[in-house]
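Data first, discussion second: the structure below is written as structure tokens.
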Amino acid sequence: DQPASQNDQATSAEEASKFSHSPLVSHIYTADPSAHIFEGKIYIYPSHDIETSAASDDMGGHFDMKDYHVFSMERPSGEVIDHGPVLKLEDIPWASRQLWAPDAAHKNGKYYLYFPAKDKEDIFRIGVAVADSPAGPFKAQPAPIKGSYSMDPAVFQDDDGSYYLYFGGIWGGQLQWFEDGKLVQGRKGPTDGIPASDQPALMPKVAKLSGDMLELAEKPIDALIVDEQGNPILSGDNQRRFFEGAWVHKYNGKYYLSYSTGDTHNIAYGISDSPYGPFVHKGNVLLPVQGWTNHHSIVEFEEKWYLFYHDTELSGETHLRNIKMTELRYNDDGTIITINPMK
Ligand code: FUB
């Protein structure tokens with residue numbers, strides 16, 4: 001009934017405030033946290049931000065990361081253990097620079113780290129590295145995943161044992177340079193290839209992973225994000241269109257695709273009956289945080305849901321971020337209660 005549920009919400013909000021606004025770690029800068037429950041613990045796979053002399057630009061040159069750390073916690077608000085570094089740029093044969101937002105998956109006793117990096121031609125590709133433990137160390141495959149491009153990989157494991165790879169990001173993520181999976185020659189800048197504002201926006205890509213988790217089992221297709229009328233979100237609809245940082249989770253049998261809107265700094269989401277979409281846009285999971293980028297993951301642990309995200313509280317610099325977590329709650333109709341990180 002109404003009063004009880006309002007009370008419940010107040011209690012949850014107080015609990016949530018125990019973790020929100022506190023960086024999970026402060027000994028290094030971390031960003032883009034992808035969280036999973038492996039072996040009964042919370043594991044977090046973030047980017048490792050570092051100081052750089054690279055210039056700040058609309059292609060994200062100032063995100064110049066060179067390795068990955070993994071973190072674990074026995075429970076929310078528990079001690080955070082740093083297991084890194086677990087994979088270094090110099091040990092990835094095909095990569096040249098910029099280890100951006102990773103994700104991880106588990107299958108048959110092996111752990112897989114999916115990560116973007118620029119190849120020797122300075123084009124983002126997605127690689128995979130394998131470990132026997134969720135805490136690594138991870139060994140990179142000799143080449144990137146065939147047919148992969150752009151960045152921000154996220155792997156969703158469905159209840160039937162299928163794994164789906166979502167990826168893509170515009171501007172510095174280079175998604176706008178590709179058509180039908182092929183690099184279009186001559187595209188160089190952050191907006192070369194971005195559709196006109198009255199045309200459908202570029203969408204995140206989705207493909208099933210192969211049984212060995214190392215390849216795409218099919219050609220990536222658009223994970224379409226549509227409005228309530230079923231029309232694709234338009235390129236000029238900056239408050240709702242996909243920019244980067246796709247994440248998929250399942251709640252009450254429905255698939256939720258959440259993502260960053262980039263230059264409007266929201267984490268928006270849509271809901272679908274299928275992991276391929278179309279995802280009907282429903283609103284925002286998270287409002288803008290301190291810093292330009294907004295990047296998140298959503299995971300269930302012991303029947304509560306958590307949002308992992310980052311901001312720039314520790315440094316005040318967009319490229320030196322710190323990961324955080326807070327509780328995430330749903331309305332009775334399955335929509336997500338928007339989190340305002342500034343409150
Ligand atoms: O961390 C580098 C890039 O910044 C990520 O890949 C994007 O999602 C944004 O957070």
Side-chain angles (χ1 to χ4, degrees), residues 23 25 28-35 44-52 54-69 84 87 89 95-104 113-119 122-127 144 148-155 165-177 190 202-205 241-248 257-269 285-286 288-298 307-315 317-324 341:
V25 292
I28 58 171
Y29 293 112
T30 52
D32 311 322
S34 293
I44 309 166
Y45 300 85
S47 303
H48 174 198
D49 284 353
I50 53 168
E51 302 274 5
T52 177
S56 166
D57 57 28
D58 282 346
M59 295 302 283
H62 45 311
F63 298 110
D64 196 21
M65 299 82 111
K66 297 188 188 318
D67 66 20
Y68 291 110
H69 286 234
L87 179 65
L89 182 61
S96 66
R97 63 178 182 133
Q98 291 184 304
L99 295 182
W100 283 15
D103 191 21
L113 184 74
Y114 296 87
F115 62 92
K118 284 187 177 159
D119 66 12
D122 229 27
I123 299 298
F124 266 120
R125 307 286 177 187
I126 295 169
S148 73
Y149 53 98
S150 198
M151 37 52 108
D152 284 2
V155 178
L165 179 71
Y166 298 81
F167 63 92
I170 62 173
W171 293 18
Q174 304 179 342
L175 185 63
Q176 71 279 5
W177 294 354
L202 295 176
M203 302 286 167
K205 304 292 170 192
R241 64 98 165 79
F242 171 73
F243 190 99
E244 63 187 4
W247 183 264
V248 171
L257 167 72
S258 38
Y259 57 94
S260 169
T261 61
D263 54 352
T264 51
H265 318 287
N266 304 310
I267 299 294
Y269 75 103
V285 174
L286 179 64
V289 297
Q290 186 189 356
W292 199 95
T293 64
N294 201 352
H295 190 120
H296 77 301
S297 65
I298 295 170
L307 174 78
F308 288 76
Y309 65 106
H310 68 222
D311 65 19
T312 57
E313 179 183 328
L314 291 178
S315 74
E317 299 277 347
T318 268
H319 66 292
L320 299 174
R321 300 160 289 181
N322 46 258
I323 57 170
K324 295 185 166 184

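All ligand and atom numbering here is 1-based and tracks the order in the structure. Fair warning: this is a prediction, and the values are worked out from it, not measured in the lab.
- The atoms of ligand 1 that sit less than 4.0 Å from any heavy atom of Arg321 are 1 (O), 2 (C), 4 (O), 9 (C), 10 (O).
- Taken to the nearest 0.5 Å, the CH2 atom of Trp247 stands 8.5 Å off from the OG atom of Ser258.
- Residue Met151 approaches ligand 1 through these ligand atoms, each under 4.0 Å from one of its heavy atoms: 6 (O).
- Numbered from 1 in the order shown, with element, the atoms of ligand 1 that lie under 4.0 Å from a heavy atom of Met65 read 1 (O), 2 (C).
- Annotation for ligand 1: atoms under 4.0 Å from non-hydrogen atoms of Ala101 are 6 (O).
- The aromatic ring centres of Trp100 and Phe167 sit 6.0 Å or more apart.
- Using a 4.0 Å cut-off to heavy atoms of Glu244, the atoms of ligand 1 that qualify are 7 (C), 8 (O), 9 (C).
- Contacts of Glu317 classified as side-chain contact (heavy atoms from CB on, under 4.5 Å), with partners at least two apart in sequence or in another chain: Ser315, His319, Leu320.
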Working note: Arg321 + Val289, criterion side-chain contact (heavy atoms from CB on, under 4.5 Å); need CA distance, chi angles, decisive distance, verdict. CA-CA 11 Å; Arg321 300 160 289 181; Val289 297; over 6 Å; no

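- Residue contacts with ligand 1, taken as heavy atom pairs separated by less than 4.0 Å, do not involve Ala31 at all.
- Salt-bridge check for Asp263 with Arg241: passed, with a basic side-chain N closer than 4.0 Å to an acidic carboxylate O.
- Among Thr30, Asp32, Asp67, the one residue that satisfies the side chain to side chain donor-acceptor pair (under 3.5 Å) test with Ser47 is Asp32.
- At least one N/O-N/O distance between His295 and ligand 1 falls below 3.5 Å.
- Test Glu244, His310, His265 against Thr293 for side chain to side chain donor-acceptor pair (under 3.5 Å) and you get one pass: His310.
- Looking only at heavy atoms of the protein, atom 10 (O) of ligand 1 is closest to Asp32 OD1, 2.6 Å.
- Which parts of ligand 1 touch Asp152 is read off a 4.0 Å heavy-atom cut-off, strictly below it: atoms 5 (C), 6 (O), 7 (C), 8 (O).
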